[in-house]
Amino acid sequence: MKKLFGKFILGLSKVLDKILGAMVTGLSYIVNLLSSISIFLVLIGIAFLTLGSFLLPLLLIFLLSNPVFWLIIFVFFIVPFLGKKFISFLRYINYSLCEYLNDYGNFLLGNNKGYSSFKDYKRKYERVQEEERQREREERQRREQEEWERRFNSFNEFFSNNGGFYSGYQGNQGYYQNTGASYDPYSDFKNKFENACRVLEFNSYDIDFYQVKLQYRKLAKKYHPDLNRDRDTTEKFQEINSAFEFLTEENIKRYNQMKR
């Protein structure tokens, strides 16, 4: 009887996994579609406001009093926002519930010596999500490093072919004028590096990666949206994440070399 119940639990786990997975896929498609349409609607709205700015008061009165306008706002703006939250919740339930049922079913069949509580699977899911975010962050950093290398190489090659030179941004050396170059990756990199330092609230640009990690953890905890119910810190939190991703060991080393 115990093994029969175990087989039932494993079967239930597989069925729920397929159902919840299909729901996540379907809802993700709908939310992405509505989000794309919402961007199109915003562009149309900006165009109308620009062309008919003299009619703006009348247009606002008409829109705000029109139920169709509020229906559009709800469907194309509020639903995608809430949908993303719900999809995230479904992914958590899909992973935690199915993993729990799978381990419990195998325990009943004698394949496992034990199984964890449902709360343990929540923590495991959070670890898996963090590992996935870390992999995505490292991939973005790798692509960004490759892009900077491409920019620097193209820039240096341009000046080499045109008889110029460039060795930094401090002004003690430079390049020949009127060579046709309009973009300086060295200055761009310097500005982004120093802006990232300001976002992470450093008082100096003379930093190391250990300091970056400590400051990131401090500010991420301070501005995490889930820990700030009384104010919207999403944009600030995103800026902190972007700054942390940019201030890699390689970029810190590059910046220090550029200062020499």
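None of these values were measured; they are calculated from a predicted model.
Note that the CG atom of Leu20 and the OG1 atom of Thr25 stand 10.5 Å from one another [nearest 0.5 Å]. Once rounded to the nearest 0.5 Å, the distance linking NZ of Lys14 with CG of Leu10 reads 6.5 Å. To the nearest 0.5 Å, atom CD1 of residue Ile240 and atom NZ of residue Lys222 are 8.5 Å apart. Note: Lys192 NZ to Cys197 SG = 14.5 Å, rounded to the nearest 0.5 Å. To the nearest 0.5 angstrom, Lys7 atom NZ is 7.0 Å from Leu109 atom CG. Note that CE of Met258 and CZ of Phe193 are 10.0 Å apart. Values are rounded to the nearest 0.5 Å.
The list of side-chain hydrogen bond (donor to acceptor under 3.5 Å, both in side chains) pairs with a residue in residues 209-219, not counting sequence neighbours, reads Tyr216-Asn241.
With Asn195 contributing its side chain and Asn191 its backbone, the two residues share no donor-acceptor pair below 3.5 Å. A distance-only check finds no donor-acceptor pair linking the side chain of Ser13 to the backbone of Ile9 [under 3.5 Å]. Judged by distance alone, with hydrogens and angles left aside, the side-chain atoms of Asn256 form a donor-acceptor pair with the main-chain N or O of Ile252 at under 3.5 Å. Using modelled atom types, one side-chain atom of Gln141 and one backbone atom of Glu245 make a donor-acceptor pair closer than 3.5 Å.
For Leu247 against Leu200, the heavy-atom pair with the smallest separation is CD1-CD1, 3.7 Å. Nearest heavy-atom pair across Val212 and Phe244 is CG1-CD1, 3.7 Å. Of all non-hydrogen atoms in Lys236 and Val199, the two that sit nearest each other are NZ-O, 4.0 Å. Smallest separation of non-hydrogen atoms from Ser187 and Asp184: OG-OD2, 2.8 Å.
Contact check on Arg133 versus Glu136 returns no salt bridge, with no Lys/Arg side-chain nitrogen under 4.0 Å from an Asp/Glu carboxylate oxygen. Between Glu131 and Arg127, no side-chain nitrogen of the basic residue sits less than 4.0 Å from a carboxylate oxygen of the acidic one, so the salt-bridge criterion is not met. Contact check on Arg143 versus Glu139 returns a salt bridge, with a Lys/Arg side-chain nitrogen under 4.0 Å from an Asp/Glu carboxylate oxygen. Under the 4.0 Å criterion applied to side-chain N and carboxylate O atoms, Glu132 and Arg135 are assigned as salt-bridge partners.
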Under the side-chain hydrogen bond (donor to acceptor under 3.5 Å, both in side chains) criterion, do Asn156 and Tyr186 qualify, and how do the steps go? CA-CA 10 Å; Asn156 294 333; Tyr186 291 92; 3.0 Å; yes
Using side-chain contact (heavy atoms from CB on, under 4.5 Å), reason through Glu235 and Glu239 one step at a time and then give a plain yes or no. CA-CA 6 Å; Glu235 185 175 348; Glu239 290 178 0; 3.9 Å; yes
For Glu126 and Arg123: C-alpha separation, side-chain torsions, deciding distance, then whether salt bridge (Lys or Arg N to Asp or Glu O under 4.0 Å) applies. CA-CA 5 Å; Glu126 291 171 349; Arg123 289 189 286 268; over 6 Å; no
Trace of the side-chain contact (heavy atoms from CB on, under 4.5 Å) decision for Tyr255 with Glu194: CA-CA 9 Å; Tyr255 180 83; Glu194 294 177 355; 2.6 Å; yes
As a quick check of understanding, evaluate salt bridge (Lys or Arg N to Asp or Glu O under 4.0 Å) for Glu249 and Arg254, giving each step before the final call. CA-CA 9 Å; Glu249 290 186 87; Arg254 189 192 300 277; over 6 Å; no
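There is a side-chain donor-acceptor pair under 3.5 Å between Tyr205 and Arg198. Judged by distance alone, the side chains of Gln145 and Arg142 never bring a donor and an acceptor atom under 3.5 Å apart.
Tyr223 and Leu214 are not part of a single hydrophobic cluster, where members link through side-chain heavy atoms under 4.5 Å apart. When hydrophobic clusters are built by joining Ile, Leu, Val, Met, Phe, Trp and Tyr residues whose side-chain heavy atoms come closer than 4.5 Å, directly or via intermediates, Val15 is grouped together with Phe8. Leu41 and Val68 end up in the same hydrophobic cluster when Ile, Leu, Val, Met, Phe, Trp and Tyr side chains are linked at under 4.5 Å.
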Donor-acceptor contacts under 3.5 Å from residues 74-100 side chains, at least two apart:
residue : atom : partner : partner atom : Å
Ser96   : OG   : Tyr92   : O            : 3.0

Which pairs would a plain distance check flag for residues 101-108, meaning a side-chain donor or acceptor within less than 3.5 Å of a matching protein atom at least two apart in sequence or in another chain?
residue : atom : partner : partner atom : Å
Asp103  : OD2  : Tyr121  : OH           : 2.5
Asn106  : OD1  : Asn111  : ND2          : 3.1
Asn106  : ND2  : Asn102  : O            : 2.9

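Note on ring orientation: taking the six-membered ring where Trp is involved, the planes of Phe189 and Phe246 are tilted (angle from 30° to 60°).
Asn153 places none of its side-chain heavy atoms less than 4.5 Å from the side chain of Trp148.
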